[in-house]
Amino acid sequence: WVMPRRAGFASDGSRRMTLELTALRGLQVAREHVRPILAVRCLSRQTEVFVALGTSAAIEAGNTNGVTVQIDNQPPSAQQWLRTDTYRELFAPDGLALARQFVGASLLRFTFTPFRSRPVVAEFSVRGFDKHVATLARPCGWPQGGIAARR
């Protein structure tokens, strides 16, 4: 996990902070090679978890894309993630709940479908997220003790 120097302040005066994690391996998507980035961001005391795909997501109805999330050996979970206007980032529907699952976990498998391509699986080593909980607690508006894993 790395914390880019882009930390700053949100419009409400709260601190903005982001942790980023690059996928373990690059992915071949059509004719390009991409390496998605997983991010946990605190913005206006809210927790956002998103994946910067490094490519465009498939066009799907509405403003969400279907993805599959699997943490360690838990059963895969089919979910609908909100996409940005550029189709290049997908946001978890409940960032705090997903961040909680990173506590004590080792591996996240994130399956998505790129534009005009077959589904691909990005893997992220989420080990060590626990070390950052205290740093993120205040900017994310988490309770005094941080967040505990809920599995």
Side-chain angles (χ1 to χ4, degrees), residues 1-12 14-130 132-133 136 139-142 147 149-151:
W1 291 96
V2 296
M3 190 171 300
R5 293 184 181 212
R6 293 180 288 224
F9 294 91
S11 59
D12 67 354
S14 65
R15 184 136 188 242
R16 182 183 68 224
M17 190 173 288
T18 306
L19 277 180
E20 293 181 356
L21 188 62
T22 304
L24 293 172
R25 287 173 284 290
L27 305 173
Q28 190 66 40
V29 176
R31 294 184 185 173
E32 58 185 342
H33 188 77
V34 300
R35 197 146 184 196
I37 295 172
L38 172 67
V40 177
R41 178 169 68 188
C42 303
L43 182 64
S44 298
R45 299 202 193 322
Q46 299 295 313
T47 305
E48 298 177 329
V49 175
F50 65 94
V51 176
L53 306 174
T55 188
S56 295
I59 297 173
E60 296 182 15
N63 60 352
T64 62
N65 277 63
V67 303
T68 302
V69 174
Q70 183 179 19
I71 296 177
D72 293 335
N73 293 322
Q74 294 178 22
S77 171
Q79 302 176 4
Q80 289 292 317
W81 282 35
L82 188 66
R83 75 171 167 268
T84 59
D85 292 342
T86 64
Y87 285 72
R88 297 183 70 83
E89 296 87 20
L90 298 176
F91 282 75
D94 186 341
L96 179 56
L98 185 55
R100 279 189 167 124
Q101 293 182 58
F102 295 159
V103 176
S106 297
L107 185 69
L108 166 67
R109 286 182 190 87
F110 180 79
T111 305
F112 71 98
T113 304
F115 181 70
R116 294 189 184 197
S117 188
R118 293 185 175 153
V120 292
V121 180
E123 294 184 332
F124 300 92
S125 174
V126 295
R127 184 175 288 124
F129 181 74
D130 323 47
H132 301 283
V133 168
L136 295 173
C140 280
W142 296 342
I147 58 173
R150 280 196 312 189
R151 293 193 181 196

ask   = Strictly by modelled atom types, are Ser44 and Gln46 linked by a side-chain donor-acceptor pair under 3.5 Å?
value = no
Can you name the closest pair of heavy atoms from [X] and [Y] and give their distance?
X      : Y      : value
Pro119 : Thr113 : CG-OG1, 3.6 Å
Phe50  : Trp81  : CA-CZ3, 4.3 Å
Ala57  : Leu90  : CB-CD2, 4.4 Å
Val126 : Leu107 : CG2-N, 3.8 Å
Thr18  : Met3   : O-CG, 3.3 Å
Leu53  : Tyr87  : CD1-O, 3.8 Å

*Do other residues, nucleotides or ligands put more than 12 heavy atoms under 6.0 Å from Arg35 CZ?*
yes
For the residue pair Phe102 and Phe129, does the interplanar ring angle fall in the parallel (under 30°), tilted (30 to 60°) or perpendicular (over 60°) class?
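Answer is perpendicular, since the angle exceeds 60°.
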Between atom [atom1] of [X] and atom [atom2] of [Y], what is the distance when rounded to the nearest 0.5 Å?
X      : Y      : atom1 : atom2 : result
Glu123 : Gln70  : CD    : CD    : 9.0 Å
Glu32  : Ser56  : CD    : OG    : 7.5 Å
Ile37  : Phe124 : CD1   : CZ    : 8.5 Å
Leu21  : Leu108 : CG    : CG    : 8.5 Å
Leu24  : Ser125 : CG    : OG    : 5.5 Å
Gln79  : Thr111 : CD    : OG1   : 11.0 Å

Measure from the side-chain N and O atoms of [X] to the backbone N and O of [Y], and report whether any donor-acceptor pair falls under 3.5 Å.
X      : Y      : answer
Arg109 : Val69  : no
Asp130 : Gly104 : yes
Arg83  : Ala58  : no
Glu60  : Gly66  : yes

Less than 4.5 Å apart, any side-chain heavy atom of [X] and any of [Y]?
X      : Y      : answer
Phe115 : Thr55  : no
Ile71  : Leu98  : yes
Arg100 : Trp142 : no

Quiz item: Step by step, would you call Phe112 with Val120 a side-chain contact (heavy atoms from CB on, under 4.5 Å)?
Solution: CA-CA 6 Å; Phe112 71 98; Val120 292; 3.6 Å; yes
